Amino acid sequence: IHRRFFTPLSSKKVVESVDECVSDIPDGATLLVGGFGLCGIPENLIGALLRKGCKNITAVSNNAGVDDFGLGQLLQTRQIKRMISSYVGENATFEKQYLSGELELELVPQGTLAERLRAGGAGIPAFYTPT
């Protein structure tokens, strides 16, 4: 398993398990979660985050999962405090938490979300997207 470390002193890039992979993710982290819908999501890493119990996560993903799968599992345990997403329509847990004010949401068009991620990775601080 390969990953980037949050600590600048770490030089090891190969870990033995998914639990070790998420071991240095702190409470309050912002996580970019891949996949499209429920396809290609990092199921094992989400499971490791559940076991670790990280809190106050900001999740950036094109969707919020469903009630008992994907990011929906982290929503059920209230580990996610904020979602930046382009679609949130199939998760009743998400709906309840958002409507009650427990969960923050930044709803972003899919193309704008993709461009934010691309620009951020390229070091571009701002861009214009007419919507």
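From a predicted model like this one, the values you see are computed outputs, not experimental measurements.
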Open item on the list: How close do Val22 and Ala48 get, counting heavy atoms only, and between which atoms?
Closed with: CG2-CB, 3.6 Å

- [ ] Decide yes or no on side chain to side chain contact (heavy atoms under 4.5 Å, CB included) for Val66 and Leu38, but give the supporting numbers first.
- [x] CA-CA 8 Å; Val66 294; Leu38 297 178; 4.0 Å; yes

- [ ] List, by chain and number, the other hydrophobic cluster members for Tyr87, where Ile, Leu, Val, Met, Phe, Trp and Tyr join if side-chain heavy atoms come within less than 4.5 Å, directly or indirectly.
- [x] none

TODO: Could you name each residue pair satisfying salt bridge (charged side-chain N to carboxylate O under 4.0 Å, His left out) that touches residues 120-131, not counting sequence neighbours?
DONE: none

Open item on the list: Once rounded to the nearest 0.5 Å, what's the spacing between atom CG of Leu117 and atom OG1 of Thr112?
Closed with: 11.0 Å

- [ ] Group every Ile, Leu, Val, Met, Phe, Trp and Tyr by side-chain heavy-atom contacts under 4.5 Å, then state whether Phe94 and Val108 land in the same group.
- [x] no

Open item on the list: Could you measure the distance from the CG atom of Leu71 to the CD atom of Gln76? Nearest 0.5 Å is fine.
Closed with: 11.5 Å

Task: Joint hydrophobic cluster, Ile80 plus Leu113, side-chain heavy atoms closer than 4.5 Å - done: no

Task: Side-chain heavy-atom pair Arg82, Leu103 within 4.5 angstrom cut-off - done: no

Open item on the list: Considering only residues two or more places apart or on different chains, which pairs with a residue in residues 57-78 satisfy salt bridge (charged side-chain N to carboxylate O under 4.0 Å, His left out)?
Closed with: Arg78-Glu102

- [ ] Kindly write out the residues that satisfy salt bridge (charged side-chain N to carboxylate O under 4.0 Å, His left out) with Glu95, not counting sequence neighbours, or none if the list is empty.
- [x] none

TODO: Nearest 0.5 Å please: distance from the CD atom of Gln97 over to the NZ atom of Lys81.
DONE: 14.0 Å

- [ ] Scan for side-chain hydrogen bond (donor to acceptor under 3.5 Å, both in side chains) pairs involving residues 39-51, sequence neighbours excluded, and state none if there are none.
- [x] Asp19-Arg51

Task: Listed once per pair and sorted, the side-chain hydrogen bond (donor to acceptor under 3.5 Å, both in side chains) pairs that draw on residues 55-65, sequence neighbours left out - done: none

- [ ] Count the heavy atoms belonging to other residues, nucleotides or ligands that lie under 6.0 Å from CZ of Phe36, then report whether that count exceeds 12.
- [x] no

- [ ] Indicate, with yes or no, if Val60 and Leu49 share a hydrophobic cluster defined by side-chain heavy-atom contacts under 4.5 Å among Ile, Leu, Val, Met, Phe, Trp and Tyr.
- [x] no

Task: Pairwise side-chain contact, Ile84 with Leu107, heavy-atom cut-off 4.5 Å (strictly under) - done: no

Task: Pro42 and Val33, any side-chain heavy atoms less than 4.5 Å apart - done: yes

- [ ] Please report the closest heavy-atom contact between Gln110 and Ser86, naming both atoms and the distance.
- [x] OE1-OG, 2.6 Å

Open item on the list: When you measure from the side chain of Ser17 to the backbone of Glu20, do you find a donor-acceptor pair of N or O atoms at a distance under 3.5 Å?
Closed with: yes

- [ ] Would you kindly confirm whether Leu105 and Ile57 end up in one hydrophobic cluster when ILVMFWY residues are joined by side chain heavy atoms under 4.5 Å apart?
- [x] yes

TODO: I would like to know whether Phe127 and Arg116 meet side chain to side chain contact (heavy atoms under 4.5 Å, CB included); could you show each step before the answer?
DONE: CA-CA 8 Å; Phe127 61 90; Arg116 279 186 182 180; 3.7 Å; yes

Task: Gln73 (side chain) donor-acceptor with Phe69 (main chain) under 3.5 angstrom - done: no

TODO: Over all heavy atoms of both residues, which pair between Val88 and Ala64 is shortest? Give the atoms and the distance, please.
DONE: CG1-CB, 4.2 Å

Task: Donor-acceptor contact below 3.5 Å, side chain Lys52 vs main chain Asp24 - done: no

